[in-house]
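One structure is given here, and the rest of the page talks about it.
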Amino acid sequence: MNLARRRLQGIFDRLLRAHGPQQWWPGESVFEIMVGAVLTQNTAWRNVARAIDNLRRAEALHPAALLAVHPRRLATYLQPSGYFNVKAKRVRAMTRWLLDAGGTAAITRWPTVRLRAALLAVHGIGPETADDILLYAFNRPVFVIDAYTRRIFSRLGLVSGQEGYETLRAAFEAALPPDAAVYNEYHALIVAHGKDVCRVRPCCETCVLRRGCRYARSGARLSDS
DNA sequence: ACCCAGGGTCATA
DNA sequence: TATGACCATGGG
C-alpha cells in the first residue's frame, strides 16, 4: 500500500475536473442523511430516493414520526430500496438509538470517537454506514472506504484491495489533512467516477485516471481478482 | 437471462 | 480470520 499525499491530491484534482463538484450528501436534514446512509447499503441511489420520497410524503422523515409508523407499513415505504424488511429494522434501530441518545442536537456535541463507537453498536450500522453518517451528517473528518475506493485505487496499484476497512481508512486519513470538506468531496467523486467510468468492466479510453491504471494498457477487458 | 448497485449480519470452519 | 448465504428492488 502506497498512499502519498501528492498522489492523492493529484487524483482528487483530476476527478474534480472530470466530474465537477458533487455537492454531497443529497438530503435536507441530519436525519434524512442518516436514513439514506442505511437505505443505500448495496443499493443504487435511484431506488433509495424513491423510498425517501415515500417517507417524506408520509411525513415520516423525522425520528419520532418514523417510530410511530407501524413496522409493516414502514417496510412498504422502503420497498423500492430493496431489502425492505431488513432495512425497516435497521432504520428503526438507528432511530430508537438516536432518540435514546437525546436526538441529533445532543450527539452533534459528542467527540468523533465516541459517536463512531455508538453508531457501530447499532444493529445494521457497519463501518461504511457509520462513516457516511459521521462525514456527511455530522461533518467529521472521516474518510469513507467503499467498494469503488478499493476498485479504483487497486487498479492504480496504490492498494491491493484486500486490506481491511480500518487499515484503508487509517491510511487515507494519515496521507491527507483531516479536512471534512475535502473528504466529503473526495468520496463523492470516487462514487461518481465509479458509477460513470471505472465500473466492473473497465472503460479506460475515457478515464482521466488511465495514466497509472493497470487496465489502461494491455488491451484491458479484465476483471478484478 | 444475467449482472450490478454509495453493505451488514449471521452461521460455520 | 475468512468464507458463504441471505436480504430484494430496479436498471442496463
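Labels below follow one simple rule: chain letters A, B, ... track the order of the sequence lines, proteins then strands, and each chain is numbered from 1.
- A 4.0 Å heavy-atom criterion places the boundary nucleotides of DNA chain C facing chain A at C/dC7 to C/dG11, written 5' to 3'.
- No single ILVMFWY cluster, assembled from side-chain heavy atoms under 4.5 Å apart, contains both A/V122 and A/L120.
- At the heavy-atom level, A/S81 lies nowhere under 4.0 Å from the strands shown.
- Between A/R56 and A/E32 there is a salt bridge, since at least one side-chain N of the basic residue sits less than 4.0 Å from a carboxylate O of the acidic one.
- In this structure, A/E128 atom CD and B/dG7 atom P are separated by 5 Å, rounded to whole Å.
- Under the 6.0 Å cut-off for aromatic ring centres, A/F84 and A/Y77 do not qualify, their centroids lying 6.0 Å or more apart.
- Legend: residues meeting side chain to side chain donor-acceptor pair (under 3.5 Å) with A/D132, ordered by chain and number and at least two apart, are absent.
- The side chain to side chain donor-acceptor pair (under 3.5 Å) check on A/R211 picks up nothing, with sequence neighbours excluded.
- A/I33 is not listed as a side-chain neighbour of A/F138, based on a closest heavy-atom distance of 4.5 Å or more.
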Self-check item: Full working for ring-ring contact (aromatic ring centres under 6.0 Å, His included) between A/H187 and A/W24
Solution: CA-CA 9 Å; A/H187 181 246; A/W24 269 25; 5.8 Å; yes
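- Residues A/L61 and A/S29 fail the side-chain proximity criterion, which asks for heavy atoms closer than 4.5 Å.
- Residue A/Y186 contributes atom OH, which lies 19 Å from atom P of B/dG6 at whole-angstrom precision.
- The shortest distance between side-chain heavy atoms of A/I125 and A/I133 falls below 4.5 Å.
- Atom-to-atom, CZ of A/F143 to C1' of B/dG6 comes out at 14 Å; the value is rounded to the nearest Å.
- Counting only heavy atoms from C-beta outward, the side chains of A/L209 and A/L15 approach each other to under 4.5 Å.
- For B/dG8 and C/dG10, the P atoms lie 23 Å apart once the distance is rounded to whole Å.
- A/V191 comes within contact range of at least one nucleobase, with a heavy-atom separation under 4.0 Å.
- A salt bridge links A/R116 with A/E166: the closest approach of a Lys/Arg side-chain nitrogen to an acidic carboxylate oxygen falls below 4.0 angstrom.
- In this pair, A/W25 does not lay its aromatic ring on the base of B/dG6; centres under 5.5 Å and planes under 30 degrees do not both hold.
- Across the P atoms, B/dG6 and C/dA5 are found 24 Å apart, a figure rounded to whole Å.
- In terms of position on DNA chain C, the residue among A/R50 and A/V86 whose nearest nucleotide sits closer to the 5' end is A/V86.
- Among the protein residues, A/D132 comes within range of no part of the nucleic acid, since none of its heavy atoms lies under 4.0 Å from any strand.
- Base-pair partner of C/dA5: B/dT9 (Watson-Crick or G-U wobble, both distances under 3.5 Å).
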Listing time: all N or O pairs from protein to nucleotides 9-13 of chain B that are below 3.5 Å?
residue : atom : partner : partner atom : Å
B/dT9   : OP1  : A/G124  : N            : 3.1

Give me, pair by pair, the N or O atoms of the protein and of nucleotides 2-5 of chain B that are less than 3.5 Å apart, along with how far apart they are.
residue : atom : partner : partner atom : Å
B/dA5   : OP1  : A/R151  : NH2          : 2.8

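- To the nearest 0.5 angstrom, A/D131 atom CG is 5.0 Å from A/R169 atom CZ.
- Counting only heavy atoms from C-beta outward, the side chains of A/Y136 and A/V142 never approach each other to under 4.5 Å.
- For A/E59, the CD atom sits in a loose shell: 12 or fewer heavy atoms of surrounding residues, nucleotides or ligands are nearer than 6.0 Å.
- Residues from residues 52-63 of chain A lying near DNA chain C, meaning a heavy-atom separation below 4.0 Å, are absent.
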